[in-house]
Asker: 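First the structure, then my questions, so here it is.
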Amino acid sequence: MNKTLNRGRVFLCCVPPALACIMLLGCADARSQNGSVAARLPRMDPDYSGVMIPPNIAPLNFTILEQGTRYQVVIRSHSGKTIRWAGRNPSVRIPMRSWKRLLMENRGEDLFFDVSVAADGKWVKYDPVKNRIAGEPIDGYVVYRLLEPQYRFWYHMGIYQRNLENFDQTCILKNSVTGGNCMNCHNFCGNDPERMLFHMRMGAAAGTYLLLDGQVAKINLATSFNKPGAYPSWHPDGDQIAFSVNKITQFFHGKGEIRDVLDWASDLIIYHLSTNTVSTHPKIADLGRMETFPAWSADGRSLYFSSAPALAVYTTPDSVVEFDRIRYDLMRIAYDPSSGEWGELETVVRSSETGKSVLMPRPSPDGRFLLFCMAEYGSFPVYRPDADLYLMDLRTGKVSKPEINSERSDTFHSWSRNGRWFVFASKRLDGIRGRLYFCHVDEDGNVSKPLLMPQEDPSFYSTFLKTYNVPELISAPVDVWWQKIVSAAFDQNKMKNVVLDPKVRVDRITGATPQAPKMKQASME
Amino acid sequence: MKKTAKTKTSRHTNRLNVRLIRSILWRKKPSSISPFCENRSPGRIMCPDTESSRMKKDFFRLGTTIGFFILFYLYIWKRIDPALAYQDQEPVFFFGCAFFRECLNQPGGIAKYISAFLSQFYLYPWAGALAVTAVAWLCAQSVLWIVKGLNGSRRVQVIHLFPAILLLMLHSNAKHPLYASVGYLAALLFFNCFIRFAPRKTVFRSLFFVILAVVLYAAAGGPFLLFSLLCFLLELFRRDRPPFFIRLVNGVFFLLTAAAIPFLFRETAFMMTLKNAYTAMLPLVQNYRPGFTPALLYAFPLLLVPAECLVKKSMEAGQPDTKKKTAAYRTISFLRSGTVWASLFRVLLILTAAAGGAFASFDPLNYHVLRVDYYARRGMWPQVIQAAKHGVSEYGLVSFHVNRAIQHLGMLPDRMFSFPQTLGIDGLFFPGEFRYLIPLQCSDLYFDLGHVNEAQHWAHEAIALRGETAWNLQRLVQTHLVRGEKEAADGCLSMLRKTLFQRNWAERYERMLAKDSLAQGDETLRRLRSVMPDSDFVVNSEEPYLNLNLMVSGKKPNRMAFEYLMASYLLEGKVGSFISRLKWLKELGYPRLPVHYEEALIMYLAERGALRFELEGYSLNSRNVKRFKDFCDILDRHRGNRHAAAGELKRFYGDTYWFYLTYYRAALAAKARTAGRGRP
């Protein structure tokens with residue numbers, strides 16, 4: 001008996017430590033091994049190196065692109081608990097809680113990824129990947145449209161919102177419940193999810209939708225003066241929305257970039273929510289010009305927009321439209337929100353000086369910067385591979401081209417509420433599909449390297465064939481029940497027709513302006 | 001004394017009867033008999049089949065079933081051809097969590113996922129037929145189990161095959177989705193589960209129903225309504241405790257729950273219309289209009305449950321007096337009997353029903369159109385022409401493919417008018433307003449023509465309209481590679497790697513992606529690069545043939561673009577434009593004037609009274625000049641009356657351009673004017 005007990009005690013005392021030793025040896029990391037050091041950064045996908053990271057963003061999961069059989073990543077910062085990850089699969093999925101804690105504890109500090117890869121029994125340690133954690137958070141949500149790269153036809157599309165602090169994506173509305181129509185141009189007042197608008201086109205649900213404080217209103221913006229509105233911009237006071245009204249057709253190229261768009265005619269209108277009226281002014285609805293992409297300044301006392309001469313200027317005597325000559329200037333006009341009076345027009349950026357078309361102005365919420373894009377010609381930069389983002393310092397008027405652009409289309413930018421971050425859609429990965437990137441802008445206008453929106457599966461983008469379109473940052477989720485929108489969509493009694501301001505005296509822009517020339521195809525005939 | 005089998009059987013029967021009597025007396029349910037077999041009325045003894053009769057019936061049923069499903073399989077495989085269903089539906093399936101999660105975003109996700117996987121086997125007709133046969137067989141088996149569960153002692157012979165016949169009729173239509181059949185099967189299986197495992201106590205029974213209904217709705221969608229109705233009927237007709245009123249209330253509870261479940265799912269889980277919430281995956285609501293067959297399919301089990309209960313009741317009533325045996329009773333008894341004649345009659349009945357159903361549901365025109373499309377997809381051009389002869393040549397898609405086929409076979413300029421060209425230029429390019437119906441086929445044409453941008457454009461349209469099907473993705477890979485868009489090609493290849501049967505293709509193209517020399521070596525890609533446009537132009541969507549001018553006149557000789565351009569001019573009657581482009585013949589290496597070109601030229605010269613024709617390297621064939629003269633003579637003989645001359649001209653000159661221009665072109669022009677398409 002005693003012998004048995006003794007043997008048992010010996011067993012209990014010796015075996016667990018022995019097992020622990022074996023486990024520890026098995027788990028020994030690259031530091032304790034005699035490994036080599038690769039004097040370079042590891043290849044990873046997505047490229048999360050040298051980026052500025054919002055302190056509230058979801059983990060930046062990535063795939064290590066180095067050949068090996070075992071992988072190890074150590075994530076560390078100035079303080080806080082180091083995150084260690086190890087596995088046989090190069091797909092690195094960082095634990096959420098540890099990540100968030102580390103980021104929150106190290107705002108404004110550097111963040112390092114130490115990557116080690118074992119191949120043929122030998123560990124190779126790479127140079128640490130260095131990133132920086134920003135002091136300012138990014139808005140917690142981003143809203144975008146998801147659809148197949150769109151040509152003439154569509155089938156499925158929807159407006160979705162993604163929680164940037166984790167990987168949750170929910171659908172705000174998809175067109176399978178609204179008759180398969182097109183939905184677009186979602187926009188928010190001051191990044192506030194309680195004040196949202198979007199359009200639906202075609203079918204019984206066609207109209208402009210205002211989601212205000214949980215209620216849904218469907219309005220018909222068309223009047224005797226104008227068609228329904230297109231690109232929107234909320235005034236900071238929340239009571240006025242500037243819209244462009246456009247006549248757009250899509251066409252295709254025989255070589256090079258396939259899709260293109262021609263805007264035959266466009267003007268700007270102002271919709272006043274409280275009076276349900278549409279107004280405009282000859283300075284923003286000039287018959288001799290095409291005005292589009294309205295954007296209110298942060299204080300609401302100016303309206304930025306793109307403007308180009310009317311199409312007749314670009315049309316040859318035999319009615320061929322030289323679409324590749326159409327270039328827009330960036331304009332600004334003063335506005336008194338209380339009286340509705342307009343000031344003088346000024347040209348902020350001339351296309352004749354830049355040699356490019358200046359489009360999509362977006363002032364930052366703090367009024368400090370103006371972000372816009374420029375493309376070789378036209379008014380649809382998302383189809384132009386040469387479309388790039390530019391930043392203007394509104395204090396000095398200086399325009400710079402941040403080093404964030406790619407060889408492919410970079411457009412559809414939107415600021416965060418604090419004016420320190422913006423999101424944009426870039427086709428840099430494959431030239432076909434837009435992906436969302438985030439950049440930080442410091443007080444001096446320095447823009448950080450774009451950070452690809454992280455996904456739970458690091459290889460997500462390699463097999464996701466839909467495109468992200470019109471990203472808009474918002475501070476909280478849109479919380480309107482989709483059934484409310486659908487109910488408003490199909491209840492014709494609830495549709496509000498706007499009233500044209502009787503003071504409007506400008507010739508109308510319709511879908512068939514008599515003077516608009518036909519776009520004749522160049523041919524051998 | 002030797003015990004004979006007969007003696008043994010009769011003793012066995014007697015033992016059964018004694019057991020039943022004892023159960024009646026002692027009010028115990030015999031363990032081997034279902035609640036429906038309880039004898040509620042003393043003195044009435046139920047009449048189960050005898051042992052030998054059961055054995056005979058079982059044997060015959062097995063034989064009938066096996067024979068039926070062999071014929072079923074062969075019919076689906078050889079006659080229906082699941083490859084045509086694949087051609088029409090292009091079902092999508094990808095391995096991995098993303099696709100599975102996407103399926104679960106709607107009711108019926110599990111059924112859809114399983115069906116998507118099984119539908120991939122349609123590519124191989126024998127395997128696709130096996131999948132359909134398996135589903136049909138399981139449905140038949142489910143019906144057997146239902147009957148057994150309701151009426152344990154009864155032996156069915158052929159009735160379980162009726163759903164299979166109806167499924168055969170449904171699958172005769174290439175558009176019928178497999179998930180509709182799988183959903184129906186799920187409803188039957190769940191009902192079986194309910195019969196066998198539902199607790200007796202009302203409250204637990206109701207709870208069990210709710211659980212099954214919720215699971216079935218999530219897994220199979222709309223067919224759960226069938227399950228709910230069956231459970232309701234079961235409640236009404238089951239004859240054990242509790243009393244009828246309670247069972248009726250319970251049944252109504254089932255129906256109300258069934259009505260509420262889709263509504264609740266819609267409110268909480270799935271974003272969909274109310275109609276879709278109730279009808280998702282139901283074959284009754286498909287856009288291809290399956291007719292009344294789905295209604296019959298769903299009505300069958302709904303009639304089966306009460307019918308089985310009535311049969312059971314009559315069995316319990318026992319043999320009536322001889323004078324009360326009606327003709328109906330005698331007929332049914334004969335049908336149920338195990339005699340050879342009865343068995344043969346049942347087999348004949350089922351075969352007749354199957355044959356009749358198959359005949360009634362088969363659409364030969366649609367079959368042949370699909371067959372043409374099938375061959376065109378695979379580049380089997382002689383077969384395209386052959387298949388087009390089955391009375392479908394007037395169909396737009398057939399004409400479209402036949403013209404592609406004759407071009408690929410080198411016959412377009414010589415024999416184009418030997419084939420029906422009644423659609424004019426729409427037979428070449430397909431009418432613009434209908435191209436959304438065949439986006440991938442449009443991409444095929446542009447791919448053939450070397451118009452890579454448009455090939456990619458229409459491949460994207462195909463993805464938007466039909467989804468990320470394997471063929472759409474393959475086309476995108478090819479166009480991306482030719483255009484040098486490697487990352488985009490890689491994205492599509494990543495998806496193709498997750499398919500069941502396109503992995504090898506994906507791997508081959510991945511090698512080309514990695515090594516450009518391999519891509520250069522690929523004949524298809526090399527040909528495309530050699531003919532794709534070298535300068536930009538705006539695509540003319542209304543009159544696509546006009547762009548071909550730019551493709552022919554460029555630095556890269558493009559023979560197909562030239563032939564399609566010339567064919568377009570001929571079909572449009574633009575002979576002047578046609579003539580001005582004959583100068584490209586030499587450059588493109590034509591050794592002689594093609595027949596139809598010569599016909600058009602002869603006619604053109606004759607109209608202008610031109611005496612000479614000069615085109616370096618080419619001359620007119622005097623035989624064709626004489627033919628034209630004869631053509632005109634016939635017309636003159638009928639004093640210019642085209643209608644009167646039609647018969648004679650068609651017989652001798654029906655395959656000429658002159659005939660087309662005289663009889664079809666004018667009609668097409670008038671039709672175009674009426675439609676307001678502005679073509680002269």
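In what follows, chains are A, B, ... by sequence order, proteins preceding strands, each numbered from 1.
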Asker: Looking at B:Ala489, B:Cys97, B:Ser494, B:Gly96, which one has more heavy-atom pairs under 4.5 Å with chain A than the rest?
Answerer: B:Ser494
Asker: Relative to chain B, which segment of A:Ile258 carries a heavy atom at a distance below 4.5 Å: side chain, backbone, both, or neither?
Answerer: both
Asker: Would you please classify the geometry between the A:Phe153 ring and the B:Tyr436 ring as parallel, tilted or perpendicular, with 30° and 60° separating the classes?
Answerer: tilted
Asker: Does atom CD of A:Gln250 have more than 12 heavy-atom neighbours from other groups under 6.0 Å away?
Answerer: yes
Asker: Work out which heavy atom in B:Leu465 is nearest to a heavy atom in A:Tyr155; give both atom names and the distance.
Answerer: O-CD2, 3.8 Å
Asker: Please say whether more than 12 non-hydrogen atoms of neighbouring residues, nucleotides or ligands are located less than 6.0 Å from CE in A:Met96.
Answerer: yes
Asker: Highest number of heavy-atom pairs under 4.5 Å with chain A: which of B:Met272, B:His460, B:Glu461?
Answerer: B:Glu461
Asker: Shorter than 4.5 Å, heavy atoms on both sides: which option in B:Glu454, B:Arg466, B:Met271, B:Met551 has the most such pairs with chain A?
Answerer: B:Met271
Asker: Within a reach of under 6.0 Å around CG of B:Asp534, are more than 12 heavy atoms found that belong to other residues, nucleotides or ligands?
Answerer: yes
Asker: Atom OG1 in A:Thr463, atom CG in B:Asp490: separation rounded to 0.5 Å?
Answerer: 10.5 Å
Asker: Closest approach of A:Ile432 and B:Ala488, non-hydrogen atoms and distance?
Answerer: CG1-CB, 3.7 Å
Asker: Is B:Ser535 close to chain A through its backbone or its side chain, or both, or neither, when contacts mean heavy atoms under 4.5 Å?
Answerer: backbone
Asker: At their closest point, which heavy atom of B:Leu476 faces which heavy atom of A:Arg433, and how far apart are they?
Answerer: CD1-NH2, 4.4 Å
Asker: Give a yes or no on this: more than 12 heavy atoms of other residues, nucleotides or ligands lie within 6.0 Å of atom CD of A:Gln67.
Answerer: no
Asker: Heavy-atom count around B:Phe263 CZ within 6.0 Å, excluding the residue itself: above 12?
Answerer: no
Asker: Sort out for me which of B:Gln456, B:Lys498, B:Arg483 touches chain A most, counting heavy-atom pairs under 4.5 Å.
Answerer: B:Arg483
Asker: Indicate yes or no for a side-chain donor-acceptor contact from B:Asn453 to the backbone of A:Gly256 under 3.5 Å, with no hydrogens or angles considered.
Answerer: yes
Asker: Is B:Phe270 in contact with chain A via its backbone, its side chain, both, or neither, using a 4.5 Å heavy-atom distance?
Answerer: backbone
Asker: Output the distance between atom CZ (A:Phe252) and atom CG (B:Asn547), rounded to the nearest 0.5 Å.
Answerer: 12.0 Å
Asker: Top residue by heavy-atom pair count (under 4.5 Å) with chain A, among B:Glu468, B:His451, B:His480?
Answerer: B:Glu468
Asker: Quick check on A:Arg408 against chain B: is it the side chain, the backbone, both or neither that has a heavy atom closer than 4.5 Å?
Answerer: side chain
Asker: To the nearest 0.5 Å, what is the distance between CG on B:Leu550 and NZ on A:Lys255?
Answerer: 13.5 Å
Asker: Identify which part of B:Leu274 has an atom lying under 4.5 Å from any heavy atom of chain A, answering side chain, backbone, both or neither.
Answerer: neither
